[in-house]
Amino acid sequence: MPNCDTPGNLILKVAVPVPLDRLFDYLPPLDLRLSELQPGVRVLVPFGKRQQVGVLMAVADNSSFDRDKLKPAIAILDTHPLLSATDISLLRWAARYYHHPLGEVLAAAFPVALRQGRPALLQRQPYFGLSPQGRLVAPEQLRRAPKQQALLTLLQTSGSAMTGTALSTYKSALKALLEKGLVAEQAPVPAAELALAQASLPANPEQQAAIAAVIAKLGRFAVSLLEGVTGSGKTEVYMQIIAKVLEQGKQVLVLLPEISLTPQLEQRFLQRFAVNMVSTHSKLTDKQRLQAWLSMQQGHSAIMLGTRSALFTPLPRPGLIILDEEHDSSFKQQEGFRFSARDVAIARAKGLGIPVLLGSATPSLESMANVAQHRYQLLHLPNRAGNATAPRFQLLDIRNKRMEAGLSEPLLAEVHATLAKQQQALIFLNRRGYAPVQICHGCGWVSRCRRCDANLVIHAADRVLRCHHCGSEQPLLKHCPACKTGELQALGLGTERIEQTLEAVFPDKVVVRLDRDTTQRKGSLEQYLEQIHDGAVDIILGTQMLAKGHHFPGVTLVAILDIDSGLFSIDYHGSERLAQLIVQVAGRAGRADQPGKVILQTRHPQHPLLDTLLSKGYRAFAQSALQERRQAGLPPFGHQALLRVQAGKAEEPQQFLQAVCQAINSLNPGKVQVLGPVAAPMARRAGLFRFQLLLQSPQRKELHQLLDSLLPAIYALKDAKKVRWSLDVDPVDLY
DNA sequence: AGCACGCCGACT
DNA sequence: GTCGGCGTGCTC
């Protein structure tokens with residue numbers, strides 16, 4: 001077809017990244033080449049007074065919009081679609097399922113650079129490295145790069161199969177070059193021989209069974225749940241399955257809950273696989289993330305490691321999706337397009353016809369229920385590698401016990417005994433700062449945040465009172481601002497205070513505190529972890545982040561200082577999270593020759609949750625928790641959607657939700673229960689008043705049908721303009 | 001979401 | 001007399 005032809009009646013249907021749930025129609029750009037008009041290309045369009053980068057969804061010959069009001073698109077930005085038809089249908093499905101505007105959902109699939117309209121240009125980087133067989137790998141292009149020529153010659157003369165010192169010389173030379181940026185870690189297009197896994201560890205029978213089970217499913221959709229305690233060798237299972245996928249020339253997407261776990265796994269994969277591998281997470285620059293995305297999208301890399309947002313990376317040769325620590329709530333996006341990376345990963349694999357492997361020591365109740373219903377296959381790794389024994393649990397009843405700043409005397413004695421044996425102790429408290437509130441002994445004044453329904457937390461080292469919800473700060477007070485005379489006291493415990501106590505009680509021991517405040521600086525977490533592994537640390541103290549990933553083989557005593565707050569949570573997810581936390585923290589400890597001990601301080605030693613978990617294990621806990629959920633009609637037996645609203649004045653969210661309730665009543669809600677409107681558990685945050693409405697139904701279909709008709713009605717509400725509202729389908733956090 | 005337009009209070 | 005507050009409306 002000639003390029004100069006007026007393209008007749010062609011109308012471009014474009015998804016634009018704005019919170020409007022519809023497509024926008026455009027005339028083709030003036031310099032159009034018809035070959036470019038494929039769904040999945042980016043289109044630069046005029047949008048009101050500004051320009052937007054949208055995605056072409058379809059080309060039609062008609063528009064419901066007034067034809068002479070249509071504007072021509074400015075340019076088609078890609079010569080080939082960046083998203084395949086399968087990717088687009090997944091994103092369409094996700095937009096429908098989460099009831100989120102398609103344009104914004106599509107935007108979430110692209111790295112920022114592409115959203116901004118940057119060219120989709122993959123810069124292939126020079127590379128050389130060792131093949132698994134010890135052979136030198138270098139693409140031709142490198143030989144022409146004068147800078148590297150000398151070194152390349154040197155390396156080539158070092159022989160094709162290096163061993164011993166030659167190998168380590170080579171490796172350190174390579175490392176130096178990598179640091180100077182003279183070579184990149186990216187290998188050339190993967191050759192089948194390089195994809196083969198090397199030096200695989202001998203798998204135990206359970207590992208072999210798990211590996212075989214997933215390999216048997218390659219090439220079709222299936223979900224497997226790998227339940228394996230810390231140290232049971234899940235990563236080895238992943239790697240042997242990945243090796244098989246690579247052998248078939250396919251790509252693997254590995255999703256992890258957070259950045260800090262990526263380097264660890266990256267290291268192990270780099271040692272094992274000689275294919276191109278990329279990782280992507282929020283600490284990389286936009287350019288790096290673009291390159292990683294394109295490298296997968298263009299089939300140049302075979303493995304991508306990444307967090308939640310990596311899920312939508314296009315895969316021309318999809319083979320397998322692995323989602324590690326599948327129970328982790330950070331797989332659920334908590335703002336904007338609130339998708340569950342786990343659930344969408346499964347939908348994606350279904351569309352691609354490939355298997356998904358979910359891994360966890362403490363699978364989510366949803367996944368356990370799916371196993372019970374034979375939707376997922378359960379693969380179990382019951383044993384810790386190297387015959388390490390499981391830790392012993394001890395409930396420490398602290399009622400009426402003497403406490404030293406949150407640490408009971410029996411616990412301190414255990415810490416003493418552990419340190420005396422030159423072993424490490426790990427102490428967990430999920431509250432950072434010095435103390436959660438400051439109180440006046442004279443008049444009862446407490447340090448409240450002016451903008452939130454929350455107390456200001458004492459941060460002694462920074463000498464500030466800080467709100468953990470909006471970030472506002474004020475200097476630490478010396479005198480009560482209310483009565484001017486009363487003595488101000490720190491009430492309650494945070495990690496900073498425990499650190500002080502531990503340093504006072506164990507003056508000759510090294511205490512390291514790991515929380516957001518001590519690990520904010522880049523690389524500081526890694527530095528601390530190294531010290532801990534080198535045995536330079538006696539007591540490790542910290543929050544949440546201790547529960548994730550990192551294993552501490554020198555630790556034989558784990559103490560969880562306060563589990564009671566998790567026992568009586570208002571959110572029904574609380575008990576599941578507590579059980580997962582206990583098992584995960586416990587998993588940090590112990591080794592073959594020294595079983596670990598886990599002490600849980602509680603004032604509720606008879607609590608049934610603790611009893612089931614500690615006497616019968618996580619699976620039994622999950623069974624009984626699921627039983628409770630079933631009786632209450634809660635997920636996964638019921639289905640929920642939460643409408644959250646906030647605004648500057650308290651009446652606005654209430655009015656809005658009342659209008660929404662009216663709309664629901666006019667829409668025949670059927671069996672869908674409407675709970676609320678109620679004030680959010682934290683009714684005011686960052687100066688905004690927050691309310692919510694929970695919709696719940698025994699049938700997912702019914703809930704979604706209601707939402708389908710409710711959302712247009714909400715968009716049309718006049719009150720909707722006065723508030724900030726968002727819909728959370730399958731909420732995991734009811735706050 | 002942006003970004004305009006539009007109609008009422010304290011300032012160069 | 002204007003600068004600017006944020007209510008309301010629109011984006012093909």
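Predicted model, so just to flag it, every value in this text is computed and none were measured. Proteins get letters first, then strands, A, B, ... in listed order; numbering begins at 1 in each.
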Engineer: So that I can tick it off, tell me whether A:Glu576 and A:Arg629 are bridged by a salt bridge, with the cut-off set at under 4.0 angstrom between side-chain N and carboxylate O.
Structural biologist: yes

Engineer: Walking along DNA chain B from 5' to 3', note the first and the last nucleotide with an atom under 4.0 Å from a heavy atom of chain A, and give both.
Structural biologist: B:dA1 to B:dC3

Engineer: Can you check whether A:Pro475's main-chain N or O pairs, donor with acceptor, with A:Arg463's side chain at less than 3.5 Å?
Structural biologist: no

Engineer: Identify the residue among A:Arg724, A:Gln646, A:Arg684 that makes a side chain to side chain contact (heavy atoms under 4.5 Å, CB included) with A:Arg690.
Structural biologist: A:Gln646

Engineer: Write out all pairs satisfying salt bridge (Lys or Arg N to Asp or Glu O under 4.0 Å) with one or both partners inside residues 87-112 of chain A, taking only residues at least two apart or from two chains.
Structural biologist: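 Residue pairs passing salt bridge (Lys or Arg N to Asp or Glu O under 4.0 Å), neighbours aside: A:Asp87-A:Arg348.
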
Engineer: So that I can compare with my own list, what are the stems of DNA chain C, taken as at least three consecutive Watson-Crick or G-U pairs with distances under 3.5 Å?
Structural biologist: B:1-11 with C:1-11

Engineer: Specify whether A:His704 and A:His99 have parallel, tilted or perpendicular ring planes, treating 30° as the upper limit for parallel and 60° as the lower limit for perpendicular.
Structural biologist: tilted

Engineer: Given A:Glu652 and A:Lys721, is the salt bridge (charged side-chain N to carboxylate O under 4.0 Å, His left out) satisfied, shown in steps?
Structural biologist: CA-CA 10 Å; A:Glu652 290 166 337; A:Lys721 294 284 169 188; over 6 Å; no

Engineer: Using the salt bridge (charged side-chain N to carboxylate O under 4.0 Å, His left out) criterion, which residues pair with A:Arg700? Sequence neighbours excluded.
Structural biologist: A:Asp730

Engineer: Between A:Gln692 (side chain only) and A:Leu734 (backbone N and O only), is there a donor and an acceptor less than 3.5 Å apart?
Structural biologist: yes

Engineer: Quick one: salt bridge (Lys or Arg N to Asp or Glu O under 4.0 Å) pairs with a partner in residues 332-347 of chain A, sequence neighbours left out?
Structural biologist: A:Glu326-A:Arg342, A:Lys332-A:Asp728, A:Arg338-A:Asp728

Engineer: What string of B, S and - do you get for nucleotides 5-12 of chain C 5' to 3' if you count protein non-hydrogen atoms under 4.0 Å?
Structural biologist: ---S-BBB

Engineer: Classify the angle between the aromatic ring planes of A:Phe24 and A:Phe47 as parallel (below 30°), tilted (30 to 60°) or perpendicular (above 60°).
Structural biologist: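 The arrangement is perpendicular - the two ring planes meet at more than 60°.
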
